[in-house]
Amino acid sequence: MNHVKSLGEFIVEKQEDFKYAKGELSRLLSAIGLAARVVNREVNKAGLMEDILGDAGAENVQGEAQKKLDVYANDEFIRALKDRGEVCGLASEENEGVIEFKSGYAVDGQYVVAIDPLDGSSNIDVNVSIGTIFSIYRRTSKSGPATFDDFMQKGTEQVAAGYIIYGSSTMLVYTTGNGVNGFTLDPSIGAFFLSHPDMKIPEDGKIYSINEGNYVHFPEGVKKYIKYCQVEDAATNRPYTSRYIGSAVADLHRNLIKGGIYIYPTTTSSPNGKLRLLYEANPFAFIIEQAGGLATDGFRRILEVQPTSLHQRTPLFIGSKNMVEKAMSFMEEFSPQEA
Ligand code: P6P
């Protein structure tokens with residue numbers, strides 16, 4: 001039987017492709033893999049452990065009630081990344097400002113990480129797949145703890161990005177700019193193994209993922225696209241199938257494998273969209289582009305957007321190339337951007 005590569009073996013094998021010093025990325029990604037295994041254990045026990053379910057009482061910077069697992073996951077990724085010494089600071093959905101690493105090896109770390117430690121956490125107590133999303137940049141500051149400007153880099157500057165999906169199985173999917181690879185956790189060993197080498201998203205798909213409950217608040221171009229998806233036309237495989245689980249990592253992962261489009265546009269309650277640029281849209285966009293898909297805000301490439309704040313939101317149209325282009329054509333025609 002062919003030897004199935006572990007995450008560790010794969011990272012070491014591929015570190016030649018990484019344009020910075022060998023070993024740095026290995027240590028960084030293995031720290032993420034370790035934290036993912038620890039968080040996975042707690043996520044899987046959540047149903048049994050009353051004391052870790054339910055609101056932590058606090059609110060995160062988004063004003064959303066923080067679930068205890070959010071807080072646990074945030075603490076675990078901060079600890080794992082700080083201890084490994086390659087990272088000088090973090091931007092996390094759970095923290096208002098930059099988390100500066102001021103001591104030990106970390107202060108000389110050459111990387112910064114933007115992270116959503118547990119996205120979709122409103123699904124925790126209904127046992128729906130949730131996920132961690134991360135984006136890795138080379139620092140722009142010279143030394144010392146990370147600075148705000150270290151995070152104000154376009155998505156094109158990412159050196160790596162990925163997500164962990166805690167679902168029927170737990171997977172780590174990431175890119176360093178040389179394609180996308182997926183690793184499945186073998187809980188009996190506690191290690192990730194290469195299960196989805198060189199992932200590519202189909203150019204076309206039959207799945208559209210959007211919260212149609214917001215239909216009346218969508219831009220006209222999105223309304224027209226939804227109606228386009230629902231028209232009977234065998235030649236273009238329509239009507240499409242609507243699949244929306246309320247957990248972006250789960251929707252994006254399914255669409256990456258099967259083909260499809262995920263749209264979170266502007267709405268009256270989310271005038272800039274809901275997803276955050278730094279630690280959701282940018283890492284997703286890097287991954288999907290590397291897999292042959294597209295990621296835009298309805299008009300322009302997500303990776304080209306210049307960030308101006310840590311938690312800024314963006315509309316997101318992401319997935320199969322032909323589907324995103326079609327949706328963009330409706331936006332151009334019916335909801336053109338002010339010049
Ligand atoms: P709505 C989870 O809070 C999240 O950020 C994404 O994971 C998910 O796709 C979206 O929000 C769900 O938002 O407004 O449709 O409930």
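The structure presented is a predicted model; accordingly, all values stated were derived computationally and were not measured.
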Compare all side-chain heavy atoms of Leu277 with those of Ile302 and state whether any distance is below 4.5 angstrom.
-> yes
Salt-bridge test for Glu100 and Lys102: reply yes if a basic N is under 4.0 Å from a carboxylate O, no otherwise. yes
- Verify same cluster id: Phe286, Met171 (apolar side-chain graph, 4.5 Å): no
* Quick check: does any side chain N or O of Gln312 sit under 3.5 Å from a backbone N or O of Thr308, one acting as donor and the other as acceptor? -> yes
Review point. Does one side chain, of Thr140 or Asp150, offer a donor that lies under 3.5 Å from an acceptor on the other?
Key: yes
Residues at least two apart in sequence or cross-chain that pass ring-ring contact (aromatic ring centres under 6.0 Å, His included) with Phe317, listed by chain then number, are none
Does the Asp116 side chain pair with the main chain of Glu280, one donor and one acceptor, at a distance under 3.5 Å?
no
query: Would you say the side chains of Ser188 and Asp186 form a donor-acceptor pair under 3.5 Å?
result: yes
Apply the test ring pair (Phe, Tyr, Trp, His ring centres under 6.0 Å) to residues Phe193 and Phe183: give CA-CA distance (whole Å), side-chain angles for both, the deciding distance (0.1 Å), then the verdict.
CA-CA 5 Å; Phe193 289 91; Phe183 300 80; 9.2 Å; no
Step by step, work out the side-chain contact (heavy atoms from CB on, under 4.5 Å) result for Arg313 and Ser270. CA-CA 9 Å; Arg313 299 175 189 268; Ser270 305; 5.7 Å; no
Margin query: How about NZ on Lys223, more than 12 heavy atoms from neighbouring residues, nucleotides or ligands closer than 6.0 Å, or not?
Written below: yes
Between Ser209 and Arg254, does the side-chain hydrogen bond (donor to acceptor under 3.5 Å, both in side chains) criterion hold? Intermediate values first, please.
CA-CA 10 Å; Ser209 307; Arg254 179 202 54 243; 2.8 Å; yes
Output field: ring centroids Tyr163/Phe134 closer than 6.0 Å:
no
Distance col, row Ser129:OG vs Asp251:CG, nearest 0.5 angstrom, shows 10.0 Å
- prompt: Under a 4.5 Å side-chain heavy-atom rule over Ile, Leu, Val, Met, Phe, Trp and Tyr, are Tyr225 and Val231 clustered together?
  reply: no
Original post:
Going by atom types alone, do Asp198 and Asn181 pair a side-chain donor with an acceptor below 3.5 Å?
Top reply: no
Short question: side chain of Asn211, backbone of Gly213 - any donor-acceptor pair under 3.5 Å? yes
Ser320 side chain to Gly259 main-chain N or O, any donor-acceptor pair under 3.5 Å? no
Separation between CG (Leu310) and CG (Asn95), nearest 0.5 Å, reads 10.0 Å
| request: State whether a side-chain donor-acceptor pair under 3.5 Å links Thr156 with Arg301. | output: no
**Study point:** Single-linkage hydrophobic cluster Val324~Tyr228, side-chain heavy atoms < 4.5 angstrom
**Key:** yes
Worksheet item: When you look at Tyr208 and Gln230, which way does the side-chain hydrogen bond (donor to acceptor under 3.5 Å, both in side chains) test go after all the steps?
Response: CA-CA 10 Å; Tyr208 69 104; Gln230 295 169 346; 3.2 Å; yes
- Query: Between Tyr166 and Glu42, do the side chains contain an N or O donor and an N or O acceptor separated by less than 3.5 Å?
  - Reply: no
Between Thr132 (side chain only) and Pro117 (backbone N and O only), is there a donor and an acceptor less than 3.5 Å apart?
yes
query = Given the rule in the side-chain contact (heavy atoms from CB on, under 4.5 Å) test, do Leu294 and Glu325 qualify, once you have shown the distances and angles that lead to the verdict?
reply = CA-CA 8 Å; Leu294 283 184; Glu325 285 174 345; 3.5 Å; yes
Given side chains that start at C-beta, do those of Ile130 and Val43 come closer than 4.5 Å, heavy atoms only?
yes
Between the OG atom in Ser121 and the CG atom in Asp70, the distance rounded to the nearest 0.5 Å is 3.5 Å
When rounded to the nearest 0.5 Å, the distance separating CD1 of Ile78 from CG of Asp83 is 11.5 Å
Give a yes-or-no answer on whether the side chains of Arg139 and Tyr111 include a donor-acceptor pair shorter than 3.5 Å.
no
Within a reach of under 6.0 Å around NZ of Lys206, are more than 12 heavy atoms found that belong to other residues, nucleotides or ligands?
yes
Checklist line | Non-hydrogen side-chain atoms of Phe101 and Val87 separated by less than 4.5 Å | finding: yes
Side chains of Arg276 and Thr314, donor plus acceptor under 3.5 Å
no
Between Arg79 and Glu76, does any side-chain N to carboxylate O distance fall below 4.0 Å? yes
When rounded to the nearest 0.5 Å, the distance separating CZ of Arg27 from CD1 of Ile32 is 14.0 Å
Query raised in the report: Between Thr170 and Asn40, does a side-chain hydrogen bond (donor to acceptor under 3.5 Å, both in side chains) hold up when you go through it step by step?
Result: CA-CA 7 Å; Thr170 293; Asn40 176 66; 2.4 Å; yes
Heavy-atom closest pair (Val98 atom, Phe148 atom, distance to 0.1 Å) is CG2-CA, 3.9 Å
>> If you apply the rule side-chain contact (heavy atoms from CB on, under 4.5 Å), what do you find for Met199 with Val173, and how did you get there?
In response: CA-CA 9 Å; Met199 297 177 82; Val173 176; 3.9 Å; yes
message = Under a 3.5 Å threshold, yes or no: a donor from one side chain and an acceptor from the other, between Ser135 and Asn282?
response = no
Glu157/Arg138 under salt bridge (Lys or Arg N to Asp or Glu O under 4.0 Å): CA gap, chis, key distance, verdict: CA-CA 8 Å; Glu157 299 308 303; Arg138 192 89 177 159; over 6 Å; no
- Is Asp149 reaching over with its side chain to a backbone N or O of Met152, donor-acceptor style, under 3.5 angstrom? no
Worksheet item: Are a donor atom and an acceptor atom from the side chains of Thr236 and Arg238 found within less than 3.5 Å of each other?
Response: yes
- Task: Give the intermediate values and the outcome of side-chain contact (heavy atoms from CB on, under 4.5 Å) for residues Phe218 and Lys224.
- Result: CA-CA 10 Å; Phe218 286 153; Lys224 295 287 188 192; over 6 Å; no
* To do: Give a yes/no verdict on a cation-pi contact between Lys82 and Phe77, requiring under 6.0 Å between NZ or CZ and the six-membered ring centre and an angle within 45° of the axis.
  => no
Verify the distance criterion only: is there a donor paired with an acceptor across the side chains of His217 and Thr268 at less than 3.5 Å?
yes
For residues Tyr137 and Ile115: do they belong to one hydrophobic cluster (side chain heavy atoms under 4.5 Å, members Ile, Leu, Val, Met, Phe, Trp, Tyr)? no
For the residue pair Tyr264 and Tyr262, categorise the inter-ring angle as parallel (less than 30°), tilted (30 to 60°) or perpendicular (more than 60°). tilted
Note to self: Hydrogens and angles aside, do Ser92 and Asn74 bring a side-chain donor and acceptor to less than 3.5 Å of each other?
What the structure shows: yes
>> When you measure from the side chain of Asp75 to the backbone of Tyr72, do you find a donor-acceptor pair of N or O atoms at a distance under 3.5 Å?
In response: no
ask   = Will you find, in the side chains of Glu333 and Ser329, an N or O donor that is under 3.5 Å from an N or O acceptor?
value = no
Please tell me whether Glu9 and His3 have a donor and an acceptor in their side chains that are separated by less than 3.5 angstrom. yes
Any donor and acceptor pair, going by atom type alone, linking the side chain of Gln290 with main-chain N or O of Gly179 inside 3.5 Å?
-> yes
I'd like to know if Val113 and Phe151 are part of one continuous hydrophobic network [Ile/Leu/Val/Met/Phe/Trp/Tyr, side-chain heavy atoms within less than 4.5 Å].
no
Heavy-atom donor-acceptor pair, Lys326 side chain to Cys229 backbone, under 3.5 Å = no
ask   = Is the number of heavy atoms from other residues, nucleotides or ligands within 6.0 Å of CG (Asn127) greater than 12?
value = no
*Ignoring hydrogens and angles, tell me if any N or O in the side chain of Ser335 forms a donor-acceptor pair with the backbone of Glu220 under 3.5 Å.*
yes
